2 protein chains.
Amino acid sequence: MTVRPVRIVLADDERMVRTALRVILDAEPGLEVVGEAATGAEAVSVVRSFLPDVVLMDVRMPEIDGIRATEQILSTLAEPPRIVVVTTFENDSYVYDALRAGAAGFLLKRAAAEDLVQAVRLVARSDSLLFPAAVRELAALHSTQKPAPPPWAAKLTGREAEVLRQMARGLTNAEIAARIGVGPATVKSHVAAVLAKTGARDRTQAVIAAYESGFIRPK
Amino acid sequence: MTVRPVRIVLADDERMVRTALRVILDAEPGLEVVGEAATGAEAVSVVRSFLPDVVLMDVRMPEIDGIRATEQILSTLAEPPRIVVVTTFENDSYVYDALRAGAAGFLLKRAAAEDLVQAVRLVARSDSLLFPAAVRELAALHSTQKPAPPPWAAKLTGREAEVLRQMARGLTNAEIAARIGVGPATVKSHVAAVLAKTGARDRTQAVIAAYESGFIRPK
DNA sequence: GCCCGTCTCCCCCGTGCGGTGGAGGCGGAT
DNA sequence: ATCCGCCTCCACCGCACGGGGGAGACGGGC
């Protein structure tokens, strides 16, 4: 008997992309594109109908994005397919969101055809999970820029940085003053300086900036 | 001419693991283990000496953990190797940290030998990035347990969660009101509820709690 | 039927916060 | 000797915020 082929569903709002993927995948023995969807909502229903082994899911789609569609599929099917999130990766921060949603892997749209095929095969047969340059580039944005995660961090004086750290712990000006051993008025000055340099409107925005820039980290 | 082999460095505090990996990898044509390290610090120096193509890096190691070692390697070498983080995955939340550190992939220690080999090959030749069941399980922990990443998230109503998300974007009550289409007084009520449920004293602490609990994540 | 949770909105009040515009001291750089 | 950056602190002001009350409407559950 022949080996059961890997059944694939494509979800992408661009017909050309779907066609390209279909051509590449259908040319491969053992791979079979069984369905297509142009929206996230359509993807959910198509997957429910065809129950494929693998779904190639675009992130940006009308109605429901790929992330939500992934969530819905994984949470509503008893034996959900492996979902590979496909992205063009421009400035996407979808990666972590997709991971949380339960995506089995990532694929860069500009990936080589052979990588695409290998990705699908690998995801289909083992519970391994493919990743592309997308993450490397994203990771690079986080790691190689480590010497300069916050553009403004260099401009914060020692005291200001200290005050910002205390702010990010949820302390009031008076508490910060007591903690670092200065007067409340002094803390106010430093806070004002931090707000000015970070471009924040209030302490909440300053704390957000601290998190988003990596100046401080969760956990 | 023969193809240049993939040069590999193993970093793991358990000798047995290193040996096992070496046996598996050395048996493969085109793969060559050129060095081993038992600590994170050692890993950094060994990598600097041998300049391998791929590093298999354990997470938990004495002196310096795999994450920090990864950071150091990637930030100090001009042409750093691909670093694959190896984990036993018990309750690790290292995955995101490793990604941020610039890891090229993940591998589960209990992965099949053939998966290991294929992972190394793939990481070495393309900029694709391997993942294992580790992430699937971890993702499951985050997605299926989505009702419970923050202990209090389950207790936040839909509106309250929405308001908290807007708070975490640095918006004032008035701005949130305009954005979600309700009156300012309503937003005040929701904010009060959020503060009560999160145990926060003010909106800043609420936003901090949102970040620390993973309710929202930095880009 | 009733209750309870949710969403919606109102009042009043105190205050922490942020904005403005200062001042004095201290050290390094020029 | 002078200037500048940083740290320290002050007074005044307006306001968004948070606390403490409530109230009406809708829905589902008992």
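The structure displayed is predicted, hence computed values, not measured ones. The sequence lines fix the lettering, A, B, ..., with proteins before strands; numbering per chain opens at 1.
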Enquirer: Nearest to the side chain of B:A185, which nucleotide is it out of C:dG18, D:dG18, C:dC9?
Expert: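 The listed nucleotide nearest to B:A185's side chain is C:dC9.
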Enquirer: In whole angstrom, what separates B:M167's CE from D:dA16's C1'?
Expert: 14 Å
Enquirer: Which of these nucleotides, C:dG16, D:dC7, D:dT8, is closest to any side-chain atom of A:V182?
Expert: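 Looking only at heavy atoms from C-beta outward on A:V182, the closest nucleotide is D:dT8.
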Enquirer: Between A:E175 and B:R201, does any NZ, NE, NH1 or NH2 come within less than 4.0 Å of an OD or OE carboxylate oxygen?
Expert: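 A salt bridge is present here (some side-chain N lies under 4.0 Å from a carboxylate O).
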Enquirer: Counting only side-chain N and O atoms of A:T186, is one of them less than 4.0 Å from OP1 or OP2 of D:dC9?
Expert: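 So the side-chain polar atoms of A:T186 do come within 4.0 Å of the phosphate oxygens OP1 or OP2 of D:dC9, strictly under.
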Enquirer: Would you kindly give the CD-to-P distance between A:Q205 and C:dC17, to the nearest whole Å?
Expert: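 Computing the A:Q205:CD to C:dC17:P distance gives 16 Å.
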Enquirer: Less than 4.0 angstrom between a side-chain N/O of B:R203 and OP1 or OP2 of D:dG18, yes or no?
Expert: yes
Enquirer: Could you tell me how far apart A:R201 (CZ) and C:dG18 (P) are, to the nearest whole angstrom?
Expert: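 A:R201 atom CZ is separated from C:dG18 atom P by 11 Å.
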Enquirer: Can you check the A:K197 NZ to C:dG19 P distance for me, whole Å?
Expert: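 So the two atoms are 15 Å apart, to the nearest Å.
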Enquirer: Quick one: on DNA chain C, does B:P184 or B:E160 contact a more 5' nucleotide (nearest heavy atom)?
Expert: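 Mapping each residue to its closest nucleotide by heavy atoms, the 5'-most match is B:E160.
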Enquirer: Would you mind telling me which of D:dC17, C:dG19, D:dC7 lies closest to the side-chain atoms of A:R159?
Expert: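 Looking only at heavy atoms from C-beta outward on A:R159, the closest nucleotide is D:dC7.
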Enquirer: Rounded to whole Å, how long is the line connecting atom CG of B:L171 with atom C1' of D:dA16?
Expert: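 In whole Å, D:dA16 C1' and B:L171 CG are 14 Å from each other.
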Enquirer: OP1, OP2 of C:dT8 versus side-chain N and O of B:H190: anything below 4.0 Å?
Expert: yes
Enquirer: In whole Å, I'd like the distance from the CD atom of A:Q166 to the C1' atom of C:dG16.
Expert: 18 Å
Enquirer: Confirm from the modelled atom types if A:K188 and C:dG19 form a donor-acceptor pair under 3.5 Å, side chain to base only.
Expert: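 It does, because a donor-acceptor pair links the side chain of A:K188 to the base of C:dG19 below 3.5 Å.
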Enquirer: Below 3.5 Å, does any donor atom in the side chain of B:S189 face an acceptor in the base of C:dC9, or the other way round?
Expert: yes
Enquirer: Distance check needed: C:dC17 C1' versus A:I176 CD1, whole Å only.
Expert: 12 Å
Enquirer: I'd like to know if B:E162 and B:R159 make a salt bridge, using a cut-off of under 4.0 Å between side-chain N and carboxylate O.
Expert: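 So B:E162 does not pair with B:R159 through a salt bridge.
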Enquirer: Just by modelled atom types, is the A:P5 backbone N or O under 3.5 Å from a matching donor or acceptor in the A:E32 side chain?
Expert: no
Enquirer: Enter the distance from B:T186:OG1 to B:I180:CD1 here, rounded to the nearest 0.5 Å.
Expert: 8.0 Å
Enquirer: Ion pair present between A:E212 and B:R169, side-chain N to carboxylate O less than 4.0 angstrom?
Expert: no
Enquirer: Taking 4.0 Å as the cut-off, does a side-chain nitrogen or oxygen of A:N173 come that near to OP1 or OP2 on C:dG16?
Expert: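 False: A:N173 side-chain N/O out of range (4.0 Å or more) of C:dG16 OP1/OP2.
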